Each structure stands twice: as C-alpha cells, then as structure tokens.
There are 2 protein chains.
Amino acid sequence: MPDANDRLTYRDIKADIMARIQNRRWGPDQVLPAEVELAASYGCARATVNRALTELTDEGILERRRKAGTRVRAAPLRAARFEIPIVRRQIEEAGAVYDYRLISRAECRADAEPRLGGVFAAGEPLLHLHCLHLADDRPFQFENRFISLAALPQARDAAFDHLGPNEWLVSAVPYSEVEVSFLALGAEAPVTTQLGVEPGQALFCMERTTWWEGRTLTNVRLFHLPGYRMTTRY
Amino acid sequence: MPDANDRLTYRDIKADIMARIQNRRWGPDQVLPAEVELAASYGCARATVNRALTELTDEGILERRRKAGTRVRAAPLRAARFEIPIVRRQIEEAGAVYDYRLISRAECRADAEPRLGGVFAAGEPLLHLHCLHLADDRPFQFENRFISLAALPQARDAAFDHLGPNEWLVSAVPYSEVEVSFLALGAEAPVTTQLGVEPGQALFCMERTTWWEGRTLTNVRLFHLPGYRMTTRY
DNA sequence: ATTGGTAATATGTCTAGACATAATGAGGCA
DNA sequence: TGCCTCATTATGTCTAGACATATTACCAAT
C-alpha cells in the first residue's frame with residue numbers, strides 16, 4: 001500500500017490529470033495551468049510534472065506548444081499501440097504446442113505477381129516460400145513470403161524446412177526499417193487448402209515489408225483463421 | 001546544421017545506440033554498459049542516457065531489468081503505433097468533401113444480436129444506428145453502432161440526422177476506456193447495399209467499445225471499402 | 001490596415017546529485 | 001545438494017536549478 005505521506009510520483013500526477021480530464025474539470029480544448037503552477041500545486045519539481053504531461057502528450061491525450069501552453073485534445077485522435085506478435089510466442093503463450101511446416105519453396109522473379117512490383121526492384125530474383133504455423137497440430141497461420149536473393153543471397157543456402165523464415169531472418173538480418181499493414185483479404189488457393197477455409201472467406205491479414213539501407217529484404221503476408229482479431233485497450 | 005560543439009542530446013544518444021544495434025556492434029541479447037558508464041562515454045549526465053534508454057525500451061528495442069542491466073531484445077516483439085482515425089478528418093485530409101448520412105435509427109434490446117450479449121448488459125435498451133460516411137459523394141465507410149440508452153438516455157433526444165454519433169459522443173461523453181479491434185468480415189446486408197459491394201466480399205472492420213465507470217456506453221463496427229488497409233512504419 | 005520586429009513566456013532539455021527499489025548472486029546453513 | 005539471507009548493484013524516479021527554443025502578443029513603422 002502506498003504511503004499517503006510519500007511524495008507524489010509522476011504516475012500519480014498523470015492519473016490525477018487524466019481523472020480531471022475524464023470528469024471534465026478540464027474540458028476539451030481547455031488550456032491547463034503551466035508546468036510551474038502545476039508543480040507548485042502538486043508540491044513537486046517541474047520535471048515531475050513535465051514527465052507526466054509529456055507522456056500524456058505521447059498518448060494523444062494532450063497537445064502542447066511552446067508558449068501557447070498545454071491543452072486537452074478536442075478530438076482525441078488517439079494512437080493505439082498494437083503488439084506485433086511473433087507467431088511462435090503467440091501460440092506458446094496460449095498454452096498450445098507450436099509446430100512449423102514448409103509447404104513450398106521456389107525461386108522466382110519480382111514480376112511473378114503484379115503487387116510485388118511496388119515492393120521489390122523490377123525483375124529481382126526472389127525466394128518464394130509458403131509456410132504453415134500450427135497450434136496443437138491445427139493450422140493457425142499461413143505465411144506467404146518473398147525474400148530478396150539480391151539482398152540476402154545467404155537465403156539460398158537456408159533450407160527453411162525446420163526453422164521458420166522469420167526466425168532465420170531475425171538471426172541473419174540486422175534491425176531494419178519495417179512497414180506493417182493490416183488488411184482483409186478473401187481466401188484463395190493455396191491459403192484455402194492450407195487453412196481449410198472456403199474460397200472467398202474473409203481473412204485477417206498482416207503484411208510486413210522490411211528494408212535495410214533502402215533495399216527491400218523481404219515481404220510477407222500472414223493469413224489468419226476466420227474470426228481472428230487484433231485488439232488493444234486504452 | 002547541428003553544431004559539432006553542442007552537447008549531445010538524448011536524441012543523439014538514442015540514434016547512436018540504435019545505430020550500434022543495427023550494425024550489430026551490440027547484438028541480440030547482449031547486455032549494454034550500465035547507464036553511468038554510457039553517461040561517462042558520451043560525456044553527459046546519467047539522466048540523459050536514461051531518457052534515451054527508456055524510450056528505446058518503450059519502443060520495444062531494449063529490455064531493462066534492475067540490477068540485471070539493459071539488453072538488446074532478441075526477438076524484437078515490437079509494438080507499433082497506429083493512429084485511430086476519425087473518419088471526417090481522414091476524408092478531409094485526403095482532400096475530399098466529407099458527407100454524412102443517417103441510414104436507420106431504431107431502439108432495440110441488447111439481445112437483438114448474439115454478439116451484443118458479451119458487450120452490453122443483458123436486455124439493456126439500446127439505440128441502434130446505421131450511418132454512412134461519404135467522401136466526394138461516394139460511400140467510404142459504413143457504421144453500425146449501438147448506444148446504451150441506460151447509460152446515455154440523452155441519446156434518445158439526439159436526431160443523428162446531421163451530426164454523426166461519433167461527434168455527438170465526443171461532446172456528450174467524458175474521456176473513457178476504449179477497446180479497439182481490427183478484424184476481417186464478409187460483407188452482409190445492409191453493408192453490401194450501402195457500400196455497394198458483393199455479399200461475402202472481405203471487408204476490413206474496426207470495432208470499438210467504450211466504457212465509463214464499468215458500464216458499456218457504445219459499441220461500433222466501422223466497415224471499410226475493399227482494399228482498405230491500416231499501415232504504420234517503424 | 002498591414003507588416004515587421006521584439007520582448008515575454010511556456011515548453012524542451014540538460015546537469016549533478018540523491019534516495020528508492022527490484023533483482024541478482026554469493027555465502028552460510030541445514 | 002538445496003534453500004535462505006543479505007549485501008550489492010543497476011535501474012527508477014525525484015529535486016533544484018539552468019539554459020535553449022519556439023511561439024505568441026504587442027508595439028511600432030509602413
């Protein structure tokens with residue numbers, strides 16, 4: 001139990017400010033007192049108030065401008081944090097047994113599918129993998145991945161029959177720039193057979209493209225079972 | 001151009017640490033020097049290093065434990081920030097003209113649809129709205145919303161024929177707890193006719209539930225046109 | 001009325017030092 | 001060997017004060 005005599009922490013202050021906003025003591029667009037005043041009223045240093053306000057700003061609750069002050073955001077264009085899950089971890093955390101299966105492996109060129117044109121350099125050689133991730137022996141996620149063989153020639157020597165491409169990439173590739181998208185796609189072969197769903201069934205799909213020094217390394221589409229959803233609270 | 005004689009900022013330090021991780025001078029799982037040592041090597045105060053490390057931890061790059069130290073995350077289970085868009089703003093920022101249309105408005109009970117059972121209290125009276133958001137007179141987003149009349153009786157007096165429910169709620173309801181989900185759904189009536197898509201077409205859907213002091217205020221499903229995606233980079 | 005310059009001001013960031021707290025690992029004991 | 005205790009240690013947070021910087025508001029000149 002926190003001692004009532006304890007000093008206020010920046011968390012206390014954050015919570016207090018949040019409460020005042022929630023019960024509308026500080027309404028939308030209202031300018032709140034300056035940091036020095038808040039610090040005085042809370043009986044703490046300005047840096048402590050600053051940390052609370054800065055975090056609330058990062059979370060999209062407040063809006064700050066030098067000289068103009070701090071105000072409550074009218075339209076809470078709040079940004080939500082979503083954990084980008086690693087499928088193995090996701091399955092194991094649910095208490096299921098993770099299994100991985102390589103479905104197909106082939107080399108192709110970047111013009112094999114029209115959508116690859118906007119992702120890889122034209123005509124670039126690619127490794128094309130289809131993989132299945134299973135939870136307790138049941139299909140959980142289908143992976144459709146392309147790896148640039150121009151950027152990652154070592155991928156030619158990787159079998160990917162037991163180690164999934166994601167895990168291989170984590171160990172082979174430095175931290176890099178990533179773009180993640182969520183989208184809905186109708187199921188087509190080979191997803192239908194692998195996940196055991198009807199053609200056209202709406203599937204939640206996560207697409208991820210990874211770059212390193214301006215070159216596209218890999219693009220992957222992860223197809224989930226019907227009913228899958230990504231959730232976050234705030 | 002930043003003066004080379006200037007002190008290092010926490011941003012400089014963040015960037016430097018990030019660069020060392022990217023070029024693998026500090027590899028996965030490696031423990032980095034303690035804050036005091038880093039501060040000494042960067043020639044700045046510990047608080048500055050602390051801020052850099054704390055932010056990198058928030059971003060999922062590092063992992064910190066007291067006494068154990070700071071290490072590079074092996075599997076970068078990075079969390080991505082997604083801006084939760086306000087449809088009006090979204091359309092206007094794309095340079096289009098926003099328009100809103102109320103399609104239907106009815107009262108019902110929380111057992112009207114089975115999925116509402118997990119969201120609202122059993123049998124609770126609800127206001128059920130169908131709305132269409134248009135960009136340049138073309139359907140852009142279909143909204144299927146339920147508002148608790150037990151928690152928000154004022155909603156009965158709101159017409160919602162010109163002001164959308166989201167905008168009404170922002171002005172009527174205090175900041176509250178929110179759960180956001182992304183999912184894929186096959187199109188069914190009335191979404192099909194309103195958005196002009198084929199039945200079964202895969203649609204990207206955002207579902208949002210809002211609480212206040214433990215009571216469910218509203219639940220909404222926002223259906224987007226085929227091809228819609230939510231994207232973020234990091 | 002419009003423009004341009006300037007002082008005032010709130011936030012942004014850094015420093016140096018202090019104490020709090022969680023977690024580890026070593027040593028002692030059963 | 002295995003378990004408990006405790007000192008050590010790295011991070012977590014706060015303070016008081018300082019300077020930097022963006023932005024506003026006001027005043028003067030056009």
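The sequence lines fix the lettering, A, B, ..., with proteins before strands; numbering per chain opens at 1. Predicted, not measured: the structure shown is a model, and the values here were computed from it.
- In this entry the distance linking CD of B:Glu63 with C1' of D:dT11 reads 14 Å, nearest Å.
- Not counting sequence neighbours, A:Phe120 has no partner by the ring-ring contact (aromatic ring centres under 6.0 Å, His included) test.
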Show me the donor-acceptor pairs within less than 3.5 Å that the side chains of residues 42-53 of chain B make with the rest of the protein, sequence neighbours left out.
from    : atom 1 : to      : atom 2 : distance (Å)
B:Tyr42 : OH     : B:Asp16 : OD2    : 2.4
B:Arg46 : NH1    : B:Glu35 : OE1    : 2.4
B:Asn50 : OD1    : B:Thr54 : OG1    : 3.2
B:Asn50 : ND2    : B:Glu35 : OE2    : 2.8
B:Arg51 : NE     : B:Glu55 : OE2    : 3.3
B:Arg51 : NH2    : B:Tyr10 : OH     : 3.2

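- Within the 4.0 angstrom heavy-atom criterion, only backbone atoms of the sugar-phosphate kind lie near A:Arg11; the bases stay farther away.
- A:Val119 meets the side-chain contact (heavy atoms from CB on, under 4.5 Å) test with A:Thr209, A:Thr216, A:Asn219; sequence neighbours excluded.
- Under 4.0 angstrom from either OP1 or OP2 of C:dT24 there lies at least one side-chain N or O belonging to B:Arg65.
- Taking B:Arg65 as the reference, nothing meets the salt bridge (charged side-chain N to carboxylate O under 4.0 Å, His left out) condition, with sequence neighbours excluded.
- Sorted by first then second residue, the salt bridge (charged side-chain N to carboxylate O under 4.0 Å, His left out) pairs that include residues 217-231 of chain B, not counting sequence neighbours, are A:Glu207-B:Arg229, B:Glu207-B:Arg221.
- Applying the salt bridge (charged side-chain N to carboxylate O under 4.0 Å, His left out) criterion to A:Glu37, with sequence neighbours excluded, gives no partner residue.
- Rounded to an integer number of Å, the gap from OH of B:Tyr10 to P of D:dA20 is 18 Å.
- In this view, A:Tyr100 and A:His133 satisfy the ring-ring contact (aromatic ring centres under 6.0 Å, His included) rule, not counting sequence neighbours.
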Sub-3.5 Å pairs of nitrogen or oxygen atoms, protein against nucleotides 4-9 of chain C:
from  : atom 1 : to      : atom 2 : distance (Å)
C:dT9 : O4'    : A:Lys67 : NZ     : 3.3

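- Applying the ring-ring contact (aromatic ring centres under 6.0 Å, His included) rule to A:Trp212 yields no partners; only residues at least two apart in sequence or on another chain are considered.
- For the pair B:Arg64 and D:dG12, the criterion of a side-chain N or O lying under 4.0 Å from OP1 or OP2 is met.
- Within residues 30-42 of chain A, the residues having any heavy atom closer than 4.0 Å to DNA chain C are, in order of number, A:Ala34, A:Glu35.
- Following rounding to the nearest Å, B:Glu55 (CD) and C:dG12 (P) show an atom-to-atom distance of 12 Å.
- Between A:Arg51 atom CZ and D:dT11 atom C1' the separation is 12 Å, expressed in whole Å.
- Annotation: side chain of B:Leu116 is not in contact with side chain of B:Glu124 (no heavy-atom distance under 4.5 Å).
- The side chain of A:Thr54 sits closest to C:dG12 out of C:dA16, D:dT13, C:dG12.
- By the 30° and 60° cut-offs, the orientation of the rings of A:Phe182 relative to A:Phe204 is tilted.
- Taking atom CG of residue A:Leu53 and atom P of nucleotide C:dT13, one finds them 13 Å apart after rounding to whole Å.
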Nucleotide N/O to protein N/O under 3.5 Å, stretch nucleotides 17-19 of chain C:
from   : atom 1 : to      : atom 2 : distance (Å)
C:dA18 : N6     : B:Arg46 : NH2    : 3.1

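- Side-chain atoms of B:Thr232 and A:Val178, non-hydrogen and from C-beta on, never get closer than 4.5 Å to each other.
- Checking D:dT15, C:dT13, C:dA23 against every side-chain atom of B:Thr9, the shortest atom distance belongs to C:dT13.
- Straight-line distance from the CG atom of A:Leu62 to the C1' atom of C:dA10: 14 Å, rounded to whole Å.
- Closest contact between the side chain of A:Thr70 and the listed nucleotides C:dT11, C:dT24, C:dT15 involves C:dT11.
- Following rounding to the nearest Å, A:Asp58 (CG) and C:dG12 (P) show an atom-to-atom distance of 10 Å.
- Among residue pairs with one or both ends in residues 90-103 of chain A, those qualifying as salt bridge (charged side-chain N to carboxylate O under 4.0 Å, His left out) are A:Arg88-A:Glu92; sequence neighbours excluded.
- Taking atom CZ of A:Arg71 as the reference point, atom P of D:dT24 lies 10 Å away to the nearest angstrom.
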